[in-house]
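Written out below as structure tokens is the structure these notes cover.
A, B, ... follow the sequence lines: proteins, then strands. Residue 1 opens every chain. All values derive from a computational prediction rather than experimental measurement.
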Amino acid sequence: MNYSLDEDDKPLVFRRSSKPDKWKCSPQPPKHSPKPRNDSDSEDDKPLSSKISSVLKGNINHAKNGPCKSASTPPKPQVKDEYSDDEKPLSSKFISKSNVGSLNKVQPNGSASKNNQSRNIGVNKRPLDEERSSGKVSVKKSKPLDSLTSVNRKPVTLKAETKSDDDDDDDDDVPISQRTKKQASSSSKPSSSKQKVVKKNSSSLNQTNKKSKKVVKKSKYSKPSKVPPGSGEGQKWNTLVHNGVIFPPAYKPHGVKMLYKGKPVDLTPEQEEVATMFSVMLDTDYMTKPKFKENFWGDWRKILGKNNPIQNLDDCDFKPIYEWHQNEKEKKKQMSTEEKKALKEEKMKVEEKYTWAIVDSVKEKVGNFRVEPPGLFRGRGEHPKMGKLKKRILPSDITINIGKDAPIPECPIPGESWKEIRHDNTVTWLAYWNDPINTKEFKYVFLAASSSLKGQSDKEKYEKARMLKGYIQGIRNAYTKDFGNKDVMKRQVAVATYLIDKLALRAGNEKDDDEADTVGCCTLKVENVEPSPPNILKFDFLGKDSIRYQNEVEVELPVFKAIQQFRTGKNGGDDLFDMLDTSKLNAHLKELMPGLTAKVFRTYNASITLDDMLSRETKDREVAENVVVYQHANKEVAIICNHQRSVSKSHSAQMTRLNEKIDELRGVIKELETDLARAKKGKPPLKNSDGKPKRNLNPEALEKKIAQTKAKIEKMERDKETKEDLKTVALGTSKINYLDPRITVAWCKRHEVPIEKIFNKSLLAKFAWSMDVDPSFRF
DNA sequence: AGATCTACTTAGTACACCCTAG
DNA sequence: CTAGGGTGTACTAAGTAGATCT
């Protein structure tokens, strides 16, 4: 890949012996106990958007009063851990009547399919998985769900570093629930944290764990702790030990000469390095963007110097370097598997100590311990800075955050030193540096998603979304009431909240001029929302990552009127919600529910949709069928959230091939039918197309063959359809970020679907905290 | 009351790798 | 056994949102 140009070409330059280790911890086994369930289904609180493809015509029915107080003292439907029917929110429901569809078959989201052209950069990606499992999943291997519970959280004794440790360092060893507790308990003493080096802790660790075990039991689905579990007021850890970050190798000049006006030119290594970054991108879409070239040229020229013979990018020919690079890639590909393996092992050895950190005596994986290599900035969409040189980051750019008593990581580049060392236990980052492209921003090194710290906050996120379930009816009632408020600001808040709720729009923070021009709810422009009488709104805008959102939605009349009114007297590029920004909106939301912000609606809508669809559509037949049901629900969520991907380069070729195969099979059927008719009359089959005689089969055999072939065709047709259907839909994003894993785990337990059919290894690690959920769990 | 800083989550893409159909 | 395509994962950009500053 391009950005790792230097990196993958050569072995890392730095090697540092790792320190002997002195840490040890001993976690322990998790456990849980399943129980029976009952699924009740409430119609209530589903997202409006959940009515897929029905016209969203939300009439809110203000039936019973919801819990909402628009005042600042909301009642708190406490989030229950176990949800019993009676606790469900009042019958809220956005009525999506007219789901008739007729012309307004509004999909909750611009049906992903129409927007291929919308993505600005994307090149390739591949099609989706959806169906594939169906064929192969075999029911039997399924491992009973409950066993899952323990999946992957095996107790391990860890020995920190030294031996490149168990191959399996990817499971982090302690059950999250335990870790959590431990932390909480130990955090009684705040940041003063006289931390002791882990070794010392180990004994106390055990106790703590024991203790926590009990606790765990009790609070199986722990409530969303108001106070961050780590508690000492924002404290995130007591002790933190890690080895810093690893740098990409220094640039190694290749000496391949590019041409200027047809003649080879000499470049200094520094000039060559930047030229190479550009060369390597010759076959990307960026080359069609003048901005990219302009920015690149601006930065490269500074390095070339004003008097350099190279005066103009258009006269440059980077092909020799491009070809050299292709060649290198090819060479690498040609290496034997052993060679590759050896190389990989070598790399792992060098990197091993950077891959983990020890947080409160627990070894955790680090997410991104590699400092970003230099390269050309690949902004998405029409980013004003695309093509600019992202300079090399040095140790002197990096601030390290580490426990007070932990050894400060040795700076891996001789003669240099870290910019700063901090001991801030109110944050979770291990290191950061200023982003060279936008110097006001930072790049952080965090723990991996599988870590307890991340797991905890993930869980809190979902608990908050579940809390919204208890408030949603009231909130909907309240904003519906405000559609006609004479106070413009209130009216705008109401309409914006409605859109966020109903369409799962993002909040829409303000953006600078030096970023791509994209919008979210609060930053929608007049031109992004076209009212079409009597009550249809046509949305068309570029959202996060410059992904286009296109949707036509039928809305309640008051909303429609309000939008028309917000637009009047403005130009297309003016803000639709001129009195609003995300902080005002969120401030308002916080009055409705503690901790509520705009993004919570996305999580809520996604998760409730999954929960609802699973409960409605699961038929409890084969595992494979259940998996399909899940994928279907997953897809709806992805559509609601507008999670897109670019169409794979080979998509159309693949479709063509599928069609050809289908045709071929149809021909086979025709032939078989002819033969069958003949066989019934006792005649031999016709000759093959190549004139050879065929085996003389009896009618039964022929019929069977026909049936088989037909089934094959049907399957292919289905595959084709899902493939086409999903060519622009990205399922992964919602799975990773929006769907409460407990919904999935509980459903798997209820329907005996092995969780591995749904979550891959990294998701299992990330969601370890959810594995012991009760099978009756409902969002 | 806005602007700016800071921290952390969410997002699509590139690419290595692995599996399967042929 | 190989090619093609799917899958997993690394990577890093692009969001959200709270805190703090002005």
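One distance of note links CD1 of A/Ile547 with OG of A/Ser646; it measures 8.0 Å at 0.5 Å rounding. Rounded to the nearest 0.5 angstrom, A/Ser770 OG and A/Ile743 CD1 are separated by 10.5 Å.
Nearest-nucleotide positions on DNA chain B place A/Arg422 closer to the 5' end than the other of A/Asp458 and A/Arg422. With the nearest nucleotide of DNA chain B identified for both A/Glu441 and A/Lys712, A/Glu441 has the one nearer the 5' end.
Looking at A/Lys454, its side chain has no donor and acceptor atom pair within 3.5 Å of the base of B/dT9.
Summary for the helix from B/dA1-C/dT22 to B/dG22-C/dC1: the axes at its two ends, each from 5 pairs, differ by 10° when rounded to the nearest 10 degrees.
No engagement by A/Ser583 is indicated, since no non-hydrogen atom pair under 4.0 Å with the nucleic acid exists. Residue-level contact check: A/Ala516 touches neither bases nor backbone, having no heavy atom under 4.0 Å from any strand. Backbone-only contact: A/Lys344 has heavy atoms under 4.0 Å from sugar-phosphate atoms and none from a base. Among the heavy atoms of the strands, none lies under 4.0 Å from A/Gly520.
Considering only the side chain of A/Arg657, C/dG4 comes nearest among B/dA11, B/dG2, C/dG4. Looking at the side chain of A/Lys511, the nearest of the listed nucleotides B/dC8, C/dG15, B/dA7 is C/dG15.
For the pair A/Leu505 and A/Arg602, the tightest heavy-atom approach, listed with the atom from each and the gap, is O-CD, 4.1 Å. Of all non-hydrogen atoms in A/Lys291 and A/His383, the two that sit nearest each other are CG-O, 4.0 Å.
Taking side-chain N and O atoms only, A/Lys461 has a distance below 4.0 Å to OP1 or OP2 of B/dT10. Contact between the side-chain N/O atoms of A/Lys236 and the OP1/OP2 oxygens of B/dA7 is not found at any separation under 4.0 Å.
For A/Tyr738 and A/His643, the ring centers are positioned less than 6.0 Å apart.
Residues satisfying the side-chain hydrogen bond (donor to acceptor under 3.5 Å, both in side chains) test with A/Gln708, not counting sequence neighbours, are none.
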